[in-house]
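In each ligand, atom 1 is the first atom listed, and ligand 1 is the first ligand listed. Every value quoted in this text rests on a predicted model; they were computed, and no experiment measured them.
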Amino acid sequence: MSDAVDYAKRGEIAVITVNSPPVNALSAAVRDGLGAAFDKGQADNDVKGMVLLGGGRTFIAGADIREFGKPPQGKPFHDVLVQMENSSKLIVAAIHGTALGGGLETALCCHYRFAVPSALVGLPEVKLGLLPGAGGTQRLPRLVGVQKALDLVTSGDFVPAPQAKELGIIDEVGDDLLEGAVAFAEKLVAEGAPLKKIRDLPCEAEAGVFEAYRKANARKFRGFLAPWKNIDCIEAAATLPFDEGIARERALFTDCVTSPESAAQRHVFFAEREVAKIPDVPKDTPMKDIKKIAMVGAGTMGGGIAMNFANAGIPVMMLEVAQDALDRGMAIIERNYANTVKKGRLSQEKMDQRMAMFSTTTDFADIGDADLVIEAVFEKMELKKEIFAKLDAVMKPGAIMASNTSTLSIDEIASATKRPESVIGMHFFSPANVMRLLEVVRGEATSPETIATAMGIGRKVGKISVLVGNCFGFVGNRMLHGYTGEGTFVLEGGALPQQVDGAIYDFGLAMGPFAMGDMAGLDVGWLVRKAKAADRPSNEEYGGTIPDRICELDRFGQKTGGGYYDYKEGDRTPIPNAEVQAIIEQVSKDKNIARRDFDNDEIVKRCLYPLINIGAQILDEGMAMRPSDIDIIYINGYGFPAYKGGPMHWADAIGLDKVLADMKRFHAEFGERWRPAPLLEKLVAEGKSFADLQAA
Ligand code: 3HC
Ligand code: NAI
């Protein structure tokens, strides 16, 4: 028998335990071990029933994702499942931790399922761009009905054991995993309970249900492949005999597992786990316990950031310059919660609990005992330094002092204190209570403990923390600058905002650069451009002419009723504006550019390749630790489609040689801003990809 599966006996019940840490994924060794263990139980005349459980922290968390795309090894998973389902001795799955994907599919081939109350079950394959390929799409609807099965396979949501019992996925919930499951098996054996095979249950659907489901979710599933294939499989369960349904599921699984979408989503799965690993800040670095925080500034960002902590049950003291600013900030927080209550997504009781986490002050002396203070005042260096000097004076020793600055140097801010090791950037994204991304910015002197604590507390409040270096715009906004900037050059070349935005939307982002600009407000960029005008290198081509002229008309975006587009009161739908078109055409004329047609492919390359090029520069400078960190930033902070895997994975998927060839063409045509990053040139010369860099 393989080491990955243990076989023991409890009286007349064989206990088969999967021991393959950390999550008992169904590797070849596990599949071989299961086959042998069930054979052994079958052959043992003293055994009347069998219990299958996971050793360590969980039941089986699914197929081994690392095996996908590799040559098949070991006993095929389907053969193990058929063997189990056809066993002439009763099998009970004993579930704790998570039974996910292939893990739940294994449990569905047992005759009964026992679970502890804390267990979770689900078919999350869709999140990896897949579908349950081991009978899950054929068995689940037979248990829970077509409608519920559609929701579960297309969302990948986990279901807690008590709810799973109500749905019929679990037969028995009990506290003691091994004892409870063995007793349950003994009882079933004693009763002569039937060997229930889910495959024998009927599966019916009302007419039109699948078409209606596809239509209702078209927007949500836009661009993804897997949700559609999952629906097709459930439809097969309702329309085909079981074995034909299984064959269809297999064929569609192959479509998914070989698709670029799934490759991208699997990359994202591992990238999300890599992001927490910091070579010079090992896992065992001590972290400070953050029991209480202070927020300096209760504006747009301060309020949103504070809500994350209150939501996680961490008390927050808000500090502002004056009482009226505090009152305004708190009223917005309250209104935000009240809106969520109104939409039925939060109970009044929870809202009251969260509001009770807040206290307010205008006096720095009151915040000194916070474990973490986050500053989110106006973006002015002098002001930030003044605030950090004050914080240095009042904060208790060891407190972490973070700035939410989006552009300013963390080192310069830290220089206002005598404890730069405790100073760090925590760059949240707007709206800060919604967006999952947190860029944690390390300064020259930031200590490992400060880094570990900031990363950890970010995760604790539900963010995905990514560690970046201290450079202008850090990682996300520095790259964004190249993207939005190139967009305006495309306008000068002959396209219109709606065409550029349409191409980017079709590519998969939630909106294009101009709709985004109108949402964020065009005035901010205008101010920055004016402030930087004097320092602009003379050989740098200026791309700000169009937005400058739009701003000169006091068109700052949605908040003024118009920017690149017009907006009707209370409606965010962009409406093309003739005056803006005239400005664009005039700028082309002024710059002697002959306007021409663009196709979507060219627009996508022009707007999105700068992300790749700047991403490569950032990697070269060590401002991001690995390409996949950049992908995580772009997916979670800027709406880059997960099914494209983030800009760096996307570049690999296209082929870096092709990307470089286009960039060289653009470089020849448009000049310096398109000079390919040396790292990109190097990778292509060596026949490597960004993924190779990651593996190195
Ligand atoms: N295959 C291979 N490795 C896996 C894995 C899997 N199915 N699930 C988790 N891992 C690895 C992780 O990459 C991580 O590795 P690392 O330590 O080297 O970074 C380690 O196991 C621990 O994982 P987490 O850090 O995610 O641990 P958590 O305790 O936070 O979460 C979990 C555990 C909920 C099980 C989570 O890992 C998870 O959601 N896993 C994926 C579950 C899944 O999608 N299953 C379906 C797989 S596809 C399938 O089954 C196809 C079938 O239908 C044919
Ligand atoms: P805001 O103008 O909405 O809020 C700033 C708040 O700081 C105001 O309420 C102001 O009264 C308060 N303030 C000013 N001086 C203060 C002082 N001395 N003591 C206490 N409070 C003081 O600005 P916003 O948008 O919240 O930005 C804050 C910071 O967050 C800036 O550094 C900005 O660059 C950064 N940021 C902003 C993002 C955005 O999308 N708005 C995104 C990410 C970061």
Side-chain angles (χ1 to χ4, degrees), residues 20-27 57-68 77-78 81 97-106 120 122-137 153 156 158 249-250 253 256-257 262 265-266 269-277 283 295-305 318-322 324-326 328-329 332 361-362 364 367 374-381 383-384 386-387 390-391 403-408 413 425-432 435 437-439 459 474 476-477 519-521 524 528 637:
S20 184
V23 296
N24 293 324
L26 288 154
S27 61
R57 62 172 153 139
T58 181
F59 191 74
I60 300 164
D64 189 335
I65 306 167
R66 293 180 205 270
E67 277 187 4
F68 293 148
F77 187 24
H78 280 270
L81 297 181
T98 48
L100 301 177
L104 179 58
E105 291 175 298
T106 306
L120 298 168
L123 294 173
E125 283 87 344
V126 71
K127 296 183 186 163
L128 301 168
L130 298 172
L131 52 87
T137 65
V153 296
F158 298 173
E249 181 194 80
R250 266 196 197 205
F253 181 83
C256 285
V257 81
S262 177
Q265 289 177 262
R266 279 164 4 223
F269 175 85
F270 289 114
E272 281 184 359
R273 280 149 185 85
E274 277 304 295
V275 86
K277 297 171 192 165
K283 230 174 158 184
M295 193 70 235
V296 181
T300 311
M301 292 305 287
I305 294 169
M318 307 291 291
L319 182 143
E320 260 288 353
V321 264
D324 62 336
L326 265 182
R328 236 187 350 260
I332 293 172
T361 185
T362 52
F364 276 82
I367 63 170
I374 305 176
E375 164 278 313
V377 302
F378 306 132
E379 186 75 343
K380 292 207 176 95
M381 183 54 94
L383 176 61
K384 303 242 183 213
E386 187 189 313
I387 298 224
K390 279 189 194 162
L391 293 175
S403 172
N404 180 51
T405 177
S406 40
T407 52
L408 302 174
I413 294 174
M426 288 180 78
H427 181 214
F428 291 82
F429 287 70
S430 183
M435 297 298 288
L437 178 63
L438 169 64
E439 281 185 337
R459 284 192 294 271
F474 311 126
N477 285 346
M519 198 176 75
V524 187
V528 174

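- The CZ atom of Arg66 sits 4.0 Å away from the CZ atom of Phe270 when rounded to the nearest 0.5 Å.
- Looking from atom 27 (O) of ligand 1 to the surrounding protein, the closest heavy atom is Arg57 NH1, 3.7 Å.
- For ligand 1, the polar-atom distance check against Glu105 finds a nitrogen or oxygen pair separated by under 3.5 Å.
- Within the cation-pi definition used here (under 6.0 Å to the ring centroid, within 45° of the axis), Lys127 qualifies as a partner of Phe158.
- With hydrogens left out, the protein atom closest to atom 29 (C) of ligand 2 is Val377 O, 3.2 Å, a heavy atom.
- One finds the OG1 atom of Thr300 at 7.0 Å from the CD1 atom of Ile332 (value rounded to the nearest 0.5 Å).
- Of all protein heavy atoms, the one closest to atom 42 (C) of ligand 1 is Ala61 O, 3.2 Å.
- Against a heavy-atom cut-off of under 4.0 Å, Asp64 is close to the following atoms of ligand 1: 1 (N), 2 (C).
- Listed by atom number, the atoms of ligand 2 under 4.0 Å from Val321 heavy atoms are 11 (O), 16 (C), 17 (C), 18 (N), 19 (N), 20 (C), 21 (N).
- Taken from CE in Met295 to CD1 in Ile367, the straight-line distance is 10.0 Å, to the nearest 0.5 Å.
- The protein heavy-atom contact nearest to atom 5 (C) of ligand 1 is Val23 CG2, 3.8 Å.
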Query - Worked check of side-chain contact (heavy atoms from CB on, under 4.5 Å) between Leu131 and Val126 - result: CA-CA 6 Å; Leu131 52 87; Val126 71; over 6 Å; no
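- In terms of protein heavy atoms, atom 40 (N) of ligand 1 is closest to Phe269 CZ, 3.6 Å.
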Query raised in the report: Hey, mind stepping through Val321 and Thr362 against side-chain contact (heavy atoms from CB on, under 4.5 Å) and telling me if it holds?
Result: CA-CA 6 Å; Val321 264; Thr362 52; over 6 Å; no
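- Closest protein heavy atom to atom 14 (C) of ligand 2: Phe378 CE1, 3.6 Å.
- Between the CD1 atom in Ile387 and the NZ atom in Lys380 there is a gap of 11.5 Å [rounded to 0.5 Å].
- Protein heavy atom in closest approach to atom 40 (O) of ligand 2: Ser430 CB, 3.3 Å.
- Here the straight-line distance linking atom CG of Asn404 with atom NE2 of His427 works out to 6.0 Å at 0.5 Å rounding.
- Using a 4.0 Å cut-off to heavy atoms of Pro132, the atoms of ligand 1 that qualify are 53 (O).
- Between Thr300 and ligand 2, a contact under 3.5 Å exists for at least one N or O pair.
- With 3.5 Å as the limit, one finds no donor-acceptor pair spanning the side chains of Glu67 and Ser27.
- Residue, atom and distance of the protein heavy atom nearest to atom 4 (O) of ligand 2 are Gly299 CA, 3.3 Å.
- Proximity to Val296 (heavy-atom distance under 4.0 Å) selects the following atoms of ligand 2: 20 (C).
- We find the CG-CZ distance between Leu438 and Phe428 to be 4.5 Å, quoted to the nearest 0.5 Å.
- Counting only heavy atoms of the protein, atom 41 (N) of ligand 2 lies nearest to Met301 CG, 3.8 Å.
- For Glu386, the heavy-atom gap to ligand 2 stays at 4.0 angstrom or more.
- Closest to atom 43 (C) of ligand 2 among all protein heavy atoms lies Phe428 O, 3.2 Å.
- Residues that satisfy the salt bridge (Lys or Arg N to Asp or Glu O under 4.0 Å) test with Glu375, not counting sequence neighbours, are Lys384.
- Of all atoms in ligand 1, listed by their number and element, those nearer than 4.0 Å to a heavy atom of Arg66 are 13 (O), 15 (O), 18 (O).
- At least one donor-acceptor pair under 3.5 Å links the side chain of Glu439 to the backbone N or O of Gly476.
- Ser403 places a side-chain N or O within 3.5 Å of a backbone atom of Thr405 that can act as its donor or acceptor partner.
- Annotation for ligand 2: atoms under 4.0 Å from non-hydrogen atoms of Ala376 are 5 (C), 6 (C), 7 (O), 28 (C), 29 (C).
- Considering only non-hydrogen protein atoms, atom 30 (O) of ligand 2 sits nearest to Asn404 ND2, 2.9 Å.
- Comparing Gly101, Pro22, Gly62, Ser20 by heavy-atom distance to atom 20 (C) of ligand 1, the nearest is Pro22.
- Between Phe68 and ligand 1, a contact under 3.5 Å exists for no N or O pair.
- Contacts between Leu26 and ligand 1, counted as non-hydrogen atom pairs separated by less than 4.0 Å, are absent for every part of the residue.
- Numbered from 1 in the order shown, with element, the atoms of ligand 2 that lie under 4.0 Å from a heavy atom of Leu383 read 15 (N), 18 (N).
- Looking only at heavy atoms of the protein, atom 19 (O) of ligand 1 is closest to Lys277 NZ, 2.9 Å.
- Judged by the shortest distance from any of its heavy atoms, Glu375 lies outside the 4.0 Å radius around the atoms of ligand 2.
- Close approach of ligand 2 to His427 (heavy-atom distance below 4.0 Å) involves ligand atoms 43 (C), 44 (C).
- The contact set between ligand 2 and Lys384, taken as ligand atoms under 4.0 Å from a residue heavy atom, comprises 31 (C), 32 (O).
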Requested in this report: Take Leu100 and Leu123 through the test side-chain contact (heavy atoms from CB on, under 4.5 Å) and record every step on the way to the result.
Outcome: CA-CA 6 Å; Leu100 301 177; Leu123 294 173; over 6 Å; no
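- By the 4.0 Å heavy-atom criterion, Gly136 is excluded from the residues contacting ligand 1.
- For ligand 1, the atoms lying closer than 4.0 Å to a non-hydrogen atom of Leu128 are 44 (O), 47 (C), 48 (S).
- Relative to the six-membered ring of Phe269, Arg273 meets both conditions, a distance below 6.0 Å and an angle of at most 45° to the axis.
- Within the 4.0 angstrom cut-off, atom 7 (N) of ligand 1 has one or more protein heavy-atom neighbours.
- Considering only non-hydrogen protein atoms, atom 14 (C) of ligand 1 sits nearest to Arg273 CD, 4.3 Å.
- Annotation for ligand 1: atoms under 4.0 Å from non-hydrogen atoms of Phe270 are 13 (O).
- Per-residue contacts place Ile65 under 4.0 angstrom from the following atoms of ligand 1 (heavy atoms of the residue considered): 1 (N), 2 (C), 6 (C), 7 (N).
- Residue Ala63 has at least one N or O atom closer than 3.5 Å to an N or O atom of ligand 1.
- Under the 3.5 Å distance criterion, the side-chain polar atoms of Thr58 are matched with a main-chain donor or acceptor of Thr98.
- With hydrogens left out, the protein atom closest to atom 48 (S) of ligand 1 is Glu125 CG, 3.7 Å, a heavy atom.
- Shown in contact with Ile387 at under 4.0 Å from a heavy atom are these atoms of ligand 2, numbered in order with element: 17 (C), 18 (N), 19 (N).
- A donor-acceptor pair under 3.5 Å links the side-chain atoms of Glu320 to the main chain of Ala298, judged by distance alone.
- Summary of contacts: the protein heavy atom closest to atom 32 (C) of ligand 1 is Leu100 CD1, 4.5 Å.
- The single protein non-hydrogen atom nearest to atom 6 (C) of ligand 2 is Glu320 OE2, 3.7 Å, given as residue, atom name and distance.
- Side-chain contact, Thr407 with Glu379: a donor N or O sits under 3.5 Å from an acceptor N or O.
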